[in-house]
Amino acid sequence: MPVEFIGFIGAQHASETHPAKGPALDVDYVEKVAKAHDAGGFDRALVAFGSTSPESILIVAHAASVTEKLGFMIAHRPGFTAPTIAARQLATLDHFSKGRIAVHIITGGSDAEMAKDGDHTNKAERYARTDEYLDIVKQEWTSAKPFDYKGNYYNVVQGFGSVKPLQQPHIPIYFGGSSDEAIPVAGKHADIFALWGETQAQVRETIARVRAAAAKHGRDVKFSLSLRPVIADTEEAAWKRADDIVARTIEVRKAAGLPTEGHTPPNEGSQRLLQAAAQGTRLDKRLWTGVAAVTGASGNSTGLVGTPDQVAEALLDYYDLGVSTFLIRGFDPLDDAIGYGRDLLPRVRELVAQRDANPIAAAG
């Protein structure tokens with residue numbers, strides 16, 4: 001099956017090892033990183049959503065205007081924009097970008113963060129609302145005539161979108177969330193289910209859960225895995241770089257008054273990464289949990305460490321489990337994106353082509 005690579009476009013130069021400086025939205029940086037992903041052969045780039053961050057749809061609208069082929073994965077939180085309006089916003093942007101957008105549904109696992117935007121629902125309520133939200137969004141995208149929808153959270157009377165997505169049947173829907181509340185909604189709506197960089201055993205378990213939920217609706221789902229590759233010319237140099245990243249992350253967090261241990265994150269995804277980190281810093285072939293342990297796994301924080309060939313082979317292990325999309329970003333976001341495009345993406349695509357051409361040999 002084809003393999004897809006998704007990078008990351010931040011609103012400014014920042015990461016766990018680089019404290020944010022300057023304006024919250026650095027337009028020049030956004031343009032530079034978008035162009036680097038375009039030139040590097042990435043299929044898409046994620047633009048994240050946060051309760052205090054610049055708006056993701058608008059960032060993508062600008063990034064699309066300065067790139068040629070790069071697709072985009074727009075993180076979007078249901079519940080703050082009416083689903084009918086969001087559907088038309090995304091469909092409109094799909095036309096302006098010539099069919100280069102996808103939406104990544106992030107329901108929200110932290111009550112405290114949600115409250116910053118005035119939302120005081122609990123997790124179960126949020127996922128129930130997301131289910132209704134996506135019901136309406138997809139009808140707005142696909143219905144040839146006005147429709148009514150009455151649920152617990154939305155009551156749409158004669159809703160209709162005159163602008164339909166350029167991509168048919170609709171814009172791809174990525175979905176994040178590993179809790180018991182999330183999986184049934186993912187099974188019903190997700191085209192691609194997004195996991196963080198878990199162990200192979202954890203990934204195998206989650207894929208089985210999502211596939212079972214999707215089967216209840218007669219659907220098939222693809223899978224994405226998010227990782228932070230640390231590559232160098234030698235394995236020793238790569239691990240040295242990984243150790244330096246952990247040390248720098250601790251330094252940055254202490255300077256900011258943030259904890260480096262004793263984390264109790266509210267969301268299931270972070271809890272699962274910390275469960276992996278509790279097993280050790282180096283797991284499976286070359287899964288690395290150092291930054292996840294220090295940061296409380298607050299987001300995509302595990303990686304694969306080694307030479308480009310070694311990391312490519314480790315990615316193939318996940319490909320064999322059913323993962324066909326890899327969301328990768330570095331701790332030096334711009335330089336790492338350039339390096340991935342040069343050294344890692346071509347090697348993985350080569351290995352996938354070999355695997356698909358001779359699956360019997362690969363299985364043996």
Could you tell me whether the side chain of Glu132 and the main chain of Asn152 form a donor-acceptor pair under 3.5 Å?
yes
Could you tell me whether Asp244 and Arg248 have a side-chain N and a carboxylate O separated by less than 4.0 Å?
no
Side chains of residues 188-195: which donor-acceptor pairs under 3.5 Å do they make with residues two or more places apart or in other chains?
| unit_1 | atom_1 | unit_2 | atom_2 | d |
| --- | --- | --- | --- | --- |
| Lys188 | NZ | Asp131 | OD1 | 3.0 |
| Lys188 | NZ | Asp135 | OD1 | 3.3 |
| Lys188 | NZ | Asp135 | OD2 | 3.4 |
| His189 | ND1 | Lys138 | NZ | 3.0 |
| His189 | NE2 | Asp131 | O | 3.3 |
| His189 | NE2 | Asp131 | OD1 | 2.7 |
| Asp191 | OD2 | Ile173 | N | 2.9 |

Single-linkage hydrophobic cluster, 4.5 Å side-chain cutoff, Ile9 and Leu227 together:
yes
Where at least one partner belongs to residues 293-314, residue pairs that pass salt bridge (charged side-chain N to carboxylate O under 4.0 Å, His left out), sequence neighbours excluded:
Asp309-Arg347
Kindly indicate, with the supporting measurements, whether the criterion side chain to side chain contact (heavy atoms under 4.5 Å, CB included) is fulfilled by Val348 and Phe5.
CA-CA 10 Å; Val348 177; Phe5 282 100; 3.5 Å; yes
Answer yes or no: is there a donor N or O on one side and an acceptor on the other, between the side chain of Arg329 and the main chain of Phe8, under 3.5 Å?
no
Under 3.5 Å donor-acceptor, Asp284 side chain and Arg286 backbone
no
Tell me whether Phe223 shares a hydrophobic cluster with Val185, the cluster being built from Ile, Leu, Val, Met, Phe, Trp, Tyr side chains joined at under 4.5 Å.
yes
Asp180 vs Arg209, test: salt bridge (charged side-chain N to carboxylate O under 4.0 Å, His left out). Steps then yes/no.
CA-CA 10 Å; Asp180 290 339; Arg209 291 171 66 202; 3.1 Å; yes
With side-chain hydrogen bond (donor to acceptor under 3.5 Å, both in side chains) as the test, pick out the partner of Thr325 among Lys222, Glu4, Arg44.
Glu4
Around Gln168, counting heavy atoms of other residues, nucleotides and ligands shown, do more than 12 lie under 6.0 Å from its CD?
yes
Thr234 versus Glu236, side-chain donor and acceptor atoms under 3.5 Å
no
Distance-only, no hydrogens or angles: does the Ser97 side chain make a donor-acceptor pair with backbone N or O of Leu93 under 3.5 Å?
yes
Side chains of Thr289 and Thr302: do they bring a donor and an acceptor to under 3.5 Å?
no
With distance as the sole criterion, is a donor-acceptor pair present between the side chains of Thr107 and Arg129 under 3.5 Å?
no
Could you tell me whether the side chain of Gln271 and the main chain of Pro265 form a donor-acceptor pair under 3.5 Å?
yes
More than 12 heavy atoms from other groups under 6.0 Å of CG on Asn155
yes
Please determine whether the number of non-hydrogen atoms from other residues, nucleotides or ligands lying under 6.0 Å from atom NZ of Lys164 exceeds 12.
yes
Under 3.5 Å side-chain donor-acceptor pair for Glu268 and Ser178:
no
Please tell me whether Phe175 and Leu90 are part of a single hydrophobic cluster in this structure, the criterion being side-chain heavy atoms less than 4.5 Å apart.
yes
If you measure only the distance, is there a donor-acceptor pair under 3.5 Å linking the side chains of Arg126 and Tyr153?
no
Going only through I, L, V, M, F, W and Y residues with side-chain contacts under 4.5 Å, is there a path from Val30 to Ile74?
yes
Quick one about His76 and Tyr133 (side-chain donor to acceptor, distance below 3.5 Å, no hydrogens or angles considered), yes or no?
yes
When you measure from the centre of the six-membered ring of Phe72, is the NZ or CZ of Lys69 under 6.0 Å away and within 45° of the axis?
no
In this structure, would Leu316 and Ile328 fall into the same cluster of hydrophobic residues linked by side-chain contacts under 4.5 Å?
yes
Do other residues, nucleotides or ligands put more than 12 heavy atoms under 6.0 Å from the CG atom of Asp148?
yes
Arg272 and Thr206: CA distance, side-chain angles, deciding distance, side-chain hydrogen bond (donor to acceptor under 3.5 Å, both in side chains) verdict:
CA-CA 11 Å; Arg272 289 174 65 87; Thr206 299; 3.0 Å; yes
If you measure from the Lys or Arg side-chain nitrogens to the Asp or Glu carboxylate oxygens, is any gap between Asp336 and Arg228 under 4.0 Å?
no
Taking Phe331's backbone N and O only, do any of them form a donor-acceptor pair with Glu16's side chain (distance below 3.5 Å, no angle check)?
no
If you apply the rule side chain to side chain contact (heavy atoms under 4.5 Å, CB included), what do you find for Leu304 with Trp288, and how did you get there?
CA-CA 6 Å; Leu304 297 173; Trp288 168 63; over 6 Å; no
Residues, nucleotides or ligands: over 12 heavy atoms within 6.0 Å of Phe160 CZ
yes
Lys/Arg cation over aromatic Trp239: Arg282, 6.0 Å, 45° cone:
yes
Please check this pair: side chain of Glu113 against backbone of Ser51, looking for a donor-acceptor N/O pair closer than 3.5 Å.
yes
How about CD on Glu68, more than 12 heavy atoms from neighbouring residues, nucleotides or ligands closer than 6.0 Å, or not?
no
Under the side-chain contact (heavy atoms from CB on, under 4.5 Å) test, residues paired with Lys35 that sit two or more places apart:
Val66
Under the 3.5 angstrom rule, does the side chain of Arg77 hit a backbone N or O of Ile105 as a donor-acceptor pair?
no
Please check this pair: side chain of Asp332 against backbone of Asp335, looking for a donor-acceptor N/O pair closer than 3.5 Å.
no
Among side-chain atoms of His13 and Asp26, is any donor-acceptor pair under 3.5 angstrom?
no
I'd like to know if the side chain of His62 and the backbone of Leu58 have a donor-acceptor N/O pair within less than 3.5 Å.
no
All heavy atoms of Pro346 vs all of Gly341, minimum pair found to be CD-O, 3.4 Å
